[in-house]
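Because the structure is predicted, anything quoted here is derived from the model rather than measured.
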Amino acid sequence: MFDGLHDIDWASMEHAYGTAEEIPALLWALRSPNTEERRKALDRFYGAVHHQGSVYPPTAASLPFLFELALDGATPDRPAVVALLVSIGRESLERGFEDDGTEIEYYPPTGCAQAVAFLRERGAELAALARDNDPDVRLAAIGGLGLFLDDADRAAAVLRERLAAERGIAARLRIVQAAATLALRLPTASHRVMDWLAGLAADPAQGPPTQLAALIQRARCAPDEIGADVVPAAVALLRESARALPVRPIAPAPSRPAATDTVAPQIVAAFEDLDRHTRVYAPTTALLRTFHEALRARVPERTALLAEQMSSPDPGSRLDAVRMSGELMRTWRGDHTRLLLLVADQLTTDEEVAAEAAAVLESCHPIAAPAREALAAHIDAQRAAHGPNVWAAPQARLRRSHQEAVRALARLRDARALPSLLAALDSDVDAWRAIQVAEHLPQAADQLVPRLCDHLRRLDLSQQSTEMSANAILAALAALGETAAVPTVVDTLGAAVRHEQHGVTRSALKTLAAFGPAAAGARDTIRPLTTAADAHVRPAAVAALWAVGGDLAEVMPLLLGLLDDGITFRISDAADLLGEIGPPASAALPRLRNLLTHDYEWVRVHCAAALWEIGGKSEAPAVLNALLQALAQNPATANHVVACLDNMGPLAAPALPLLREQLAQTRRGGRFQSIDHDEELQRIGRTLIARLDPTYPGPPAKRRKPAGARPDRLRSWQEGPSGLG
């Protein structure tokens, strides 16, 4: 076995983590009789040789030997090897080729073309694996039929044969999926396959799950042809499928090691979330995701489909549907009130589903107000049933369900979340999760700030693992604005400097800047940091020095120096502060004008905004031109651009067509395409259009902020470092 394995110079090739010289040992380990040795080898293959779907030259070079393993009946875990083969091939097609089949050239080169060529040469053997006696091998191989058999007639015949022979739901769904993949890949097969899928969808003898799969996969082949009758038909078949499929309890997620002195709890939680979000609980979930992708911006129809999904008797199906609901609301604009209420209804069901529903409502908090009362009722019911310390309940699912609901309600600025947040801060059980949302309850600052300061004082900044916690507390203190926290923040700044915790230093400086003149006593601590070596600390120190002291003569030379810096975010940070200073910073105007020709659009946007704040009307033509060009080049600048246009008032009138274009988009836009930035973009855009165009049926006009007015320092804090589009 493995003839020629050692003739390959593996050491000369690299995978995700360096030299590929380990691959021969990994391949031999996949034949080991030891289960743990095989598991480790497979994990290493996915983790390094096929890292996150990447296909490197050694990945492709390993395919002949993986194929030997797959074809050898004596190989343990053959289904896993076949699944690895198909995964490498699928990713090679997706990453290495354009939709028209043109190879994408990369430097350094990948192994995508080599992998695809090899697998297409072995199409007949893939077909044989799809007929294997082992049902798990067949299941893993089926996807390869649509991807790598270039003989469309033969591929279609094999798929028809397999559908007639297979009884398992998972295999039948995958066969129908492979048929659609074949139709999309080979135009010569398209009409025949789509006619076959239409026939399957209309044939009751196939059973509701197969009919549903055929209906959806045909829609995938021609999304522009999805008629008004398709979603109702899918809903009816989904309802029948739910009755036909068994109801199973949700299996617990795998446990992970607890946080330690060197591993922050936020990191542990992030991996737990990753585990949850990569798990699929229902056999129809992947199929329904395909349907949602085909429907794209058709929000009402997708909502109707999700309503049916969330009415399933199977908790796993409902959990997957809740997750899809969050993805829809975070990705597409529209009226999501009904969907928010449907998600909120899941709070009274299985604890795992309830936790996911609360997490979705938290992630969608800018639009989640319709779910407010359901969240509050859920929290009250849990506290009544399990006591005031339910935040720290020993049952993992109950604890997560309560914590997620509290966090979601807190993000809605609802004080009914406060008792549980205080319990978390007092008990120190998962306190970091309470700290992350504390800033949204300014009405309770008198109760939150002393507790936050206590947590901050207890952090050991000599440990790098405390950085995330310190930054979160400092952000909360800045947002709450209680100046009683100033001494604790100053002490934290000193400790961060001593221990070279640059991230915490920057956060402490931003917090002191948020307190403004109330932190004037910290000037002597701040001043030396204006020449710090760390790229982020220096502009944060200059901003803090201005905020607490307001000494223009002291900060202007520092800001002018930052404008000449080669680091783009330093230029942007300096421009933001100059804009905050306004007309008194007129000495910076020549440099800001020159920076409107900078090759990085984010620098141009920040400098244009500063030009307007300092120079006002006389700078309007250059400012407007820079803003519109930047937005055309990079849509992620939209929030900054629209905010500046809003400040310009009537002088922004030439931007009306672009503003209307922004609001006409169906997909969320703005910075990071996130729901919070997009909602802000829409709100400001509508207000501005209404002010510029009296015929626009938008919100009432508001008074324009005059040039030179100081922007909201808190908003700048929440957005984080500027210029990182």
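Remark: the backbone N or O of Ala201 is not paired with any side-chain donor or acceptor of Arg218 at under 3.5 angstrom. Judged by distance alone, with hydrogens and angles left aside, the side-chain atoms of His6 form no donor-acceptor pair with the main-chain N or O of Phe2 at under 3.5 Å. In this structure a side-chain-to-backbone donor-acceptor pair under 3.5 Å is present from Asp320 to Ala282. For Arg302 (side chain) and Ala297 (main-chain N/O), no donor-acceptor pair under 3.5 Å exists by modelled atom type. A side-chain donor-acceptor contact under 3.5 Å links Arg668 to the backbone of Met329. A donor-acceptor distance shorter than 3.5 angstrom exists from the side chain of Arg185 to the backbone of Leu149, with no hydrogens or angles considered.
Contact of the Arg333 side chain with the Thr666 side chain is not registered, since no non-hydrogen atoms from C-beta on lie closer than 4.5 Å. Here the side chains of Glu301 and Ile226 are not in contact, with every heavy-atom distance at 4.5 Å or above.
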> Step by step, would you call Glu166 with Arg172 a salt bridge (charged side-chain N to carboxylate O under 4.0 Å, His left out)?
Replying inline: CA-CA 6 Å; Glu166 294 286 353; Arg172 292 176 68 81; over 6 Å; no
>> side chain to side chain contact (heavy atoms under 4.5 Å, CB included), that's the test. Do Thr59 and Glu91 meet it? Break it down for me.
In response: CA-CA 11 Å; Thr59 318; Glu91 293 292 342; over 6 Å; no
>> One pair to check against side chain to side chain donor-acceptor pair (under 3.5 Å): Arg95 and Thr110. What are the steps and the verdict?
In response: CA-CA 9 Å; Arg95 295 165 184 253; Thr110 68; over 6 Å; no
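Within a 6.0 Å sphere centred on CD of Glu105, other residues, nucleotides and ligands contribute 12 heavy atoms or fewer. For NE2 of His191, the number of neighbouring non-hydrogen atoms (other residues, nucleotides, ligands) closer than 6.0 Å is 12 at most.
With Glu356 as the fixed residue, the salt bridge (charged side-chain N to carboxylate O under 4.0 Å, His left out) test singles out one of Arg400, Arg276, Arg279, Arg318: Arg400.
Inspection of the Ser54 and His51 side chains reveals no N or O donor paired with an N or O acceptor under 3.5 Å. If you check the side chains of Thr290 and Arg220, you find no donor sitting under 3.5 Å from an acceptor. Under 3.5 Å, the side chains of Ser674 and Asp676 contain a donor-acceptor pair of N or O atoms. For Gln177 and Arg174, the side-chain atoms include no donor-acceptor pair closer than 3.5 Å.
Using the six-membered ring where Trp is involved, Tyr46 and His50 have ring planes that are tilted, between 30° and 60° apart.
Checked for salt-bridge contact, Lys40 and Glu37 miss the test: no charged N lies under 4.0 Å from a carboxylate O.
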